[in-house]
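Data first, discussion second: the structure below is written as structure tokens.
Order of the sequence lines fixes the chain letters, A, B, ..., with proteins taken first and strands second; residue numbering starts at 1 for each chain. Just so you know, these numbers come straight off a predicted model, no measurement behind them.
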Protein chains: 2
Amino acid sequence: MMAKMTIKDMARLAGVSVSTVSLVLSNHGYVSAKTRRRVERIIAKHNYHPRQSARNLVSGRTGNMGFIISDIHLSGTEFFYSRVLLGAELEARKKDYYLLVTTVGDTFQPPQDAPRFLKGGDVDGVIIAGSVPEELVSYIHPLNIPYVLVDYKHPSIDSNLVQIENHDGACQAVEHLLRHGYRRIAFVGGSCRHASIRERFRGYQSALHQAGLSEVAQDDSLHFLVPEETTALIGARGINTLLDRAVQFDAVVCANDTTALGCLNALQERGLDVPGDMAVIGFDDIRYATETKPLLTTVHVPKLELGVQAVRLLFECLENPGGGLYHRSIGTELMVRESTSRVLAETGAAV
Amino acid sequence: MMAKMTIKDMARLAGVSVSTVSLVLSNHGYVSAKTRRRVERIIAKHNYHPRQSARNLVSGRTGNMGFIISDIHLSGTEFFYSRVLLGAELEARKKDYYLLVTTVGDTFQPPQDAPRFLKGGDVDGVIIAGSVPEELVSYIHPLNIPYVLVDYKHPSIDSNLVQIENHDGACQAVEHLLRHGYRRIAFVGGSCRHASIRERFRGYQSALHQAGLSEVAQDDSLHFLVPEETTALIGARGINTLLDRAVQFDAVVCANDTTALGCLNALQERGLDVPGDMAVIGFDDIRYATETKPLLTTVHVPKLELGVQAVRLLFECLENPGGGLYHRSIGTELMVRESTSRVLAETGAAV
DNA sequence: CTTTTATATCGAAGCGTTTCGATACCCTGT
DNA sequence: ACAGGGTATCGAAACGCTTCGATATAAAAG
């Protein structure tokens with residue numbers, strides 16, 4: 001169609017200088033109301049938009065932020081990080097930033113596998129969502145580019161962090177079960193190398209301690225923890241393992257919802273009723289939690305909010321360079337649904 | 001740390017002109033082996049990388065492609081489009097392109113809701129994954145910017161397309177069921193406004209026709225189709241509706257795996273055995289298909305490949321402007337697992 | 001009525017690249 | 001010995017924008 005309009009064209013058409021048009025655009029210096037109107041009309045009429053690359057060139061910033069996620073997390077396990085991405089996008093959009101999304105595999109060779117935007121300096125900051133190879137963090141850290149980790153933590157490097165209150169969430173879960181009369185509470189989960197999962201397990205333990213049930217908290221025959229990525233299969237295997245051990249338990253806290261789904265299936269298959277014979281509680285509140293039978297009681301994690309806060313935090317780093325590290329904790333909320341309502345069910349029956 | 005290195009610094013350090021460094025970088029004109037080596041050493045030593053915005057400014061291109069996906073698809077339903085995104089990213093990376101990811105809601109008001117990168121001309125092309133508001137396509141189409149639709153089609157506007165061979169896939173599914181002796185085959189699905197789902201339904205019908213079972217293909221009491229987005233709940237509702245109609249059927253083809261999961265759950269709850277009493281077959285081959293009990297037989301859709309092809313197609317458009325429209329069809333593959341293996345099960349029992 | 005001060009506009013430099021001639025060299029072939 | 005062509009290098013313009021003075025006018029202050 002027509003050639004690309006530039007700021008020069010706008011200036012010519014409006015009968016003013018290029019600088020004036022720029023001032024109108026940026027709302028910076030002095031421009032008379034009359035001139036401003038005229039320029040704005042011309043701009044609107046020709047649907048002119050400044051070229052970002054030109055702006056970037058002079059401003060030195062890029063207007064981009066990198067979003068790194070492991071390929072497994074993006075598309076392999078659950079919707080969790082997609083929602084974090086969505087939240088980040090929405091927030092970045094507000095500040096007119098673009099998200100450059102890239103993925104990393106589970107191995108990471110420093111120079112080759114590094115996202116291009118890091119080498120090229122094409123981003124002003126980076127968000128890393130979920131667990132990634134440690135080497136990635138070690139690589140980025142000395143790069144002197146602001147970055148924030150979401151739901152992940154490097155074992156030795158201190159970074160900007162947006163975290164879930166996993167400990168507290170797991171406590172809520174256990175306390176809920178205790179309130180409903182469950183006492184022998186098991187824990188099932190995969191991915192125990194992930195800090196979040198470990199925190200959940202600790203939260204589970206400390207809530208039991210608090211309640212004077214230390215023998216349950218300590219009883220490893222009630223705990224199924226494996227290093228593999230969490231899948232429904234892991235959950236099923238966990239439940240079956242515990243049941244085959246012939247230990248007594250009447251409830252199970254799962255490391256996340258995916259695991260819980262596996263538990264639900266396995267229990268159903270073995271003819272056990274949930275929540276009649278056994279309560280099941282998840283963590284994350286992914287969508288399937290509301291599509292199971294029975295509906296899954298779980299600890300809701302505000303995933304969008306994680307993304308939003310990550311972006312906000314990153315902006316704070318940008319505006320305040322050398323301002324130390326920030327940590328942000330995002331609270332959880334217990335969603336009571338059907339998989340734990342033994343008491344409610346009984347009450348219901350009594351009515 | 002140290003200030004940003006520029007091409008000038010490299011030139012100075014290597015004792016050559018800026019243009020020579022540029023020539024080395026781009027591998028274009030004549031550079032003596034000796035000079036090239038020297039320049040390359042300096043570049044490597046200082047870890048210099050050309051600023052993308054400067055390059056873009058002069059080249060006129062942006063090095064970005066837009067990736068638009070509805071927020072529902074990104075994080076609401078299934079992993080399907082996340083994998084398309086992943087495939088697209090991997091392919092774009094090969095050509096040194098960045099993906100600018102953005103989402104659209106289910107309503108779309110032309111100027112305000114339009115992705116910024118479209119207005120600002122910050123992308124060289126656009127990929128649209130999954131169904132989006134029609135207005136989005138109407139908006140982009142006249143913009144004179146190459147775009148390709150993945151697994152979606154505007155009702156009246158002709159676009160570059162990457163499509164799934166839905167019709168064929170559904171035929172494969174039905175033929176598989178027929179081979180295994182199933183005859184009264186139902187169809188359950190949501191989102192029937194989506195072209196892909198409709199094609200699957202048509203494929204289902206035409207395979208039945210081929211087999212001389214037109215009365216099944218035409219019998220609407222065997223078909224459950226609703227306009228809502230597909231969820232497991234829809235699948236459960238579908239199965240229950242059909243069963244409550246008291247029509248005879250021994251197999252069900254689902255519009256996608258999510259629906260199939262709902263069917264599986266509902267059937268189990270009603271005490272029906274799969275595949276003993278009823279075969280269930282899905283479409284898409286999402287990860288949960290391999291985590292159900294029984295494992296779900298389904299039509300595999302190569303999701304990564306959809307993304308890869310979309311990017312390739314977009315590049316063809318870029319290299320060949322005004323070269324007409326391209327259509328690409330991606331084939332499917334039947335994954336026979338447990339939910340349809342009545343014959344195999346019988347055989348197994350007989351052994 | 002002159003001196004400040006605030007307001008309005010503009011020209012030009014500069015951001016970091018690529019690319020288009022221009023220049024200079026060294027061979028070859030005649 | 002000289003035209004011509006391949007090789008090697010460079011200077012300068014251009015890409016589209018922001019921003020820093022400079023200049024000019026009008027309003028406020030002395």
(message) Strictly under 4.0 angstrom, non-hydrogen atoms only: write out the protein contact profile of nucleotides 15-20 of chain C, one letter per nucleotide from the 5' end, B, S or -.
(response) BBBBB-

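In this structure, N160(A) contributes its side chain and Y326(A) its backbone to a donor-acceptor pair below 3.5 Å.
By the 6.0 Å and 45° rule, K95(B) stacks over the aromatic ring of F315(B).
Within 6.0 Å of CZ in R12(A) there are more than 12 heavy atoms belonging to other residues, nucleotides or ligands. Around the CZ atom of R36(B), the shell of radius 6.0 Å holds more than 12 heavy atoms that belong to other residues, nucleotides or ligands.
Residue T35(A) has a polar side-chain atom (N or O) positioned under 4.0 Å from OP1 or OP2 of dT9(C). Between Y30(A) and dA8(C), a side-chain N or O to OP1/OP2 separation shorter than 4.0 Å is absent.
Put simply, chain B comes within 4.0 Å of DNA chain D, heavy atom to any atom, from dT7(D) to dG16(D), going 5' to 3'.
Qualifying ring pair (Phe, Tyr, Trp, His ring centres under 6.0 Å) partners for H141(B), counting only residues two or more places apart in sequence or in other chains: Y147(B).
Using a 3.5 Å distance cut-off with no hydrogens or angles, the side chains of D122(A) and T62(A) do not pair a donor with an acceptor. Side-chain atoms of S196(A) and D151(A) form a donor-acceptor pair, as typed in the model, at a separation below 3.5 Å. Side-chain polar atoms of S22(A) and S19(A) form no donor-acceptor pair below 3.5 angstrom.
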